[in-house]
Amino acid sequence: DKVELLLHPVSLQVLSQTSAAGGANVLSAAQITQRLQQAGYTQIRDLEFDDGRWEAEAYNAAKQPVELDINAATGAVEREKLDD
């Protein structure tokens, strides 16, 4: 699947993304970060878009380090795995 990225010209921060498959909107990195924070995750890092989904590392509400798989369209956490 192809993804079109709109990048900030100086910082190269991802401002928006669109998937060529069906034109489905993909939430930006900033939107994903905001949704994770609203869900109680802290110290969000290594946020990257890979194979049609967002992946990140963070600390959950129990202050445990976790790896996250995040739905690119909704921002919902689909998988949380303890990070060793």
Side-chain angles (χ1 to χ4, degrees):
D1 292 344
K2 292 185 180 183
V3 175
E4 289 186 28
L5 302 174
L6 175 61
L7 303 177
H8 186 277
V10 176
S11 69
L12 298 180
Q13 176 183 1
V14 177
L15 301 176
S16 69
Q17 298 180 359
T18 1
S19 171
N25 285 332
V26 175
L27 295 175
S28 70
Q31 291 170 310
I32 293 294
T33 299
Q34 180 181 34
R35 293 189 187 204
L36 291 175
Q37 289 171 336
Q38 290 171 344
Y41 293 96
T42 60
Q43 298 182 38
I44 300 159
R45 62 198 180 284
D46 297 333
L47 181 63
E48 63 181 49
F49 188 76
D50 186 36
D51 291 332
R53 71 176 55 217
W54 284 101
E55 297 173 353
E57 294 181 6
Y59 282 83
N60 63 17
K63 301 188 189 312
Q64 299 170 308
V66 291
E67 296 177 4
L68 304 171
D69 287 341
I70 305 145
N71 183 297
T74 66
V77 174
E78 294 180 338
R79 183 182 71 91
E80 177 182 303
K81 177 184 170 194
L82 286 178
D83 190 10
D84 299 330

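Hydrogens, waters and symmetry mates play no part in the numbers below; they use all other heavy atoms, side chains included.
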Does a side-chain heavy-atom distance below 4.5 Å link Tyr59 with Val66?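 No - every pair of side-chain heavy atoms lies 4.5 Å or more apart.
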Is any side-chain heavy atom of Tyr41 closer than 4.5 Å to a side-chain heavy atom of Val77?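 Counting from C-beta outward, Tyr41 and Val77 do come under 4.5 Å.
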Enter the distance from [X]:[atom1] to [Y]:[atom2] here, rounded to the nearest 0.5 Å.
X: Asn71; Y: Arg35; atom1: CG; atom2: CZ; answer: 9.5 Å
X: Ile70; Y: Leu36; atom1: CD1; atom2: CG; answer: 4.5 Å
X: Leu68; Y: Asp46; atom1: CG; atom2: CG; answer: 11.0 Å
X: Ile44; Y: Gln34; atom1: CD1; atom2: CD; answer: 10.5 Å
X: Asp69; Y: Glu78; atom1: CG; atom2: CD; answer: 7.0 Å
X: Ser28; Y: Trp54; atom1: OG; atom2: CH2; answer: 7.0 Å

Do any N or O atoms from the side chain of Arg45 and from the backbone of Gln43 form a donor-acceptor pair under 3.5 angstrom? yes
Are more than 12 heavy atoms, taken from residues, nucleotides or ligands other than Asp50, located less than 6.0 Å from that residue's CG atom?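 Atom CG in Asp50 is crowded, with more than 12 foreign heavy atoms closer than 6.0 Å.
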Between [X] and [Y], what is the shortest heavy-atom contact and its length?
X: Gln31; Y: Leu27; value: OE1-CA, 3.3 Å
X: Ala72; Y: Gly52; value: CB-O, 3.5 Å
X: Ile32; Y: Gly75; value: CD1-CA, 3.8 Å

